[in-house]
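Structure, as structure tokens:
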2 protein chains.
Amino acid sequence: MNAVVQSSFRALADPTRRDILIMLSDRDMTIAEVAAQFDMTRAAVKKHLNILEHGALIDVQPRGRERINRIHPEGFRPVLDWLGFFDGFWDDRLHALKSSIENKDT
Amino acid sequence: MNAVVQSSFRALADPTRRDILIMLSDRDMTIAEVAAQFDMTRAAVKKHLNILEHGALIDVQPRGRERINRIHPEGFRPVLDWLGFFDGFWDDRLHALKSSIENKDT
DNA sequence: TATGTAGGATACCAAAAGGTATCATGTCAA
DNA sequence: TTGACATGATACCTTTTGGTATCCTACATA
């Protein structure tokens, strides 16, 4: 469980990866499509996608010879759960975020 | 602003730093007190505290020759705001409900 | 089939990160 | 004042990380 939290936070720690998540929140994309948005090689973007997938923040679905990368909302849960440890330190905004994700697949 | 988000997420990316935050959520602690909880040198812990302070997740107040480290709840705001970008993803119904509640007093 | 395109994988490199050792500074207390 | 203690700061080391270059595999299609 702690390893899950770590892989999630680690995935979120890089600005390129956070940008990828923002992009994927708009629409699903292939690796090439994601890579086209950055000034770095496809291989580098692929590594970021691997880390995001390992952190369960995205899932990857093969379609023909392509790979569709899509956001995986449940993967944010460990992060929100961890942040929930600080209940009482801030206002109700977190509670709203947290409950919305917790109830998603119930 | 993006730099603020980055320093927050970066500070949260290390398990030792997250453990420190959990400890400080229970009570304020000096550097030596924090360091006593870990199997590493005080200098290493101090580096972690510097990063947490830079990310505004803690604040540090001198008291005599000691330094009191305490949690800084507002520092989590950039993280929560960024995560809030995905609100619509997690559950549209709850998101609508949440928006209506949040706008109640506008 | 032949060819171009999407992706996988690995070796390699530079920079950043996490850690130690060490010494300097400031303050409490006798 | 003097000694002990809490902290600050820096040099140095090793591992991890983000990136490129390169080559390989798979699949769509002319």
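These numbers come from the heavy atoms of this one structure, side chains and all, not from hydrogens, waters or symmetry mates. Order of the sequence lines fixes the chain letters, A, B, ..., with proteins taken first and strands second; residue numbering starts at 1 for each chain.
The nearest whole Å value for the distance from the CD atom in Gln6(B) to the P atom in dA16(C) is 13 Å. Distance, Leu49(A) CG to dA6(C) C1': 13 Å, rounded to whole Å. dA26(D) atom P lies 16 Å from atom CD1 of Ile31(A), rounded to whole Å. Atom CE in Met29(B) sits about 16 Å away from atom C1' in dT7(D), given to the nearest Å. Here the C1' atom of nucleotide dA17(C) and the CE atom of Met40(B) are 13 Å apart, to the nearest Å. Atoms CD (Gln61(B)) and P (dA6(D)) sit 18 Å apart, rounded to a whole Å. In this structure, the CG atom of Asn50(B) is 19 Å from the P atom of dA6(D), given to the nearest Å. The nearest whole Å value for the distance from the CG atom in Asp14(A) to the P atom in dG18(D) is 5 Å.
Heavy-atom nearest nucleotides on DNA chain D were determined for Asn69(B) and for Asp39(A), and the one closer to the 5' end corresponds to Asn69(B). If you find the closest nucleotide of DNA chain C to Gly64(B) and to Glu66(A), the one lying nearer the 5' end belongs to Glu66(A).
In this structure, Lys47(B) reaches the bases: a heavy-atom distance under 4.0 Å links it to at least one base atom across the strands shown. Nucleic acid contact for Arg63(B): none, since no nucleic acid atom lies under 4.0 Å from a heavy atom of the residue. At the heavy-atom level, Arg10(B) lies under 4.0 Å from the strands shown only through sugar-phosphate atoms. Residue Ala44(A) is in base contact, counting any heavy-atom pair closer than 4.0 Å across all strands shown.
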Check: Between Leu21(B) and Leu12(B), is a side-chain contact (heavy atoms from CB on, under 4.5 Å) present by the stated rule, with each step listed?
Finding: CA-CA 9 Å; Leu21(B) 289 173; Leu12(B) 290 172; 3.6 Å; yes
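Side-chain proximity of Thr30(B) to the nucleotides dG18(C), dT7(D), dG7(C) is greatest for dT7(D). Of the candidate nucleotides dA21(D), dT20(C), dA4(D), dA4(D) has the atom lying nearest to any side-chain atom of Arg65(B).
Between Val34(A) and Met29(A) the shortest heavy-atom distance is CG2-CB, 3.7 Å. Taking both residues in full, the closest heavy atoms of Ser8(A) and Val79(A) are given as CB-CG2, 3.6 Å, listed atom of the first, atom of the second, then distance. In plain terms, the two heavy atoms of Pro78(B) and Gly75(B) that are nearest each other are CD-O, 3.2 Å.
No hydrogens or angles considered: nothing links the side chains of Gln61(B) and Arg67(B) as a donor-acceptor pair under 3.5 Å.
For dG8(C), the OP1/OP2 oxygens have a side-chain nitrogen or oxygen of Lys46(A) closer than 4.0 Å. Residue Arg42(B) places none of its side-chain N or O atoms closer than 4.0 Å to OP1 or OP2 of dG19(C). Under 4.0 angstrom from either OP1 or OP2 of dT20(D) there lies at least one side-chain N or O belonging to Thr41(A). For the OP1/OP2 pair of dG19(D) and a distance below 4.0 Å, the side-chain nitrogens and oxygens of His48(A) include at least one atom meeting the criterion.
Phe76(A) and Phe86(B) have tilted rings, their planes meeting at an angle from 30° to 60° on a 0 to 90° scale.
Between its opening and closing five pairs, the helix from dT1(C)-dA30(D) to dA30(C)-dT1(D) changes axis direction by 20°, a value rounded to 10 degrees.
Taking a 6.0 Å sphere around CG of Asn2(B), one finds it holds 12 or fewer heavy atoms contributed by other residues, nucleotides or ligands.
In terms of modelled atom types and a separation under 3.5 Å, the side chain of Gln6(A) and the main chain of Ala13(B) share a donor-acceptor contact.
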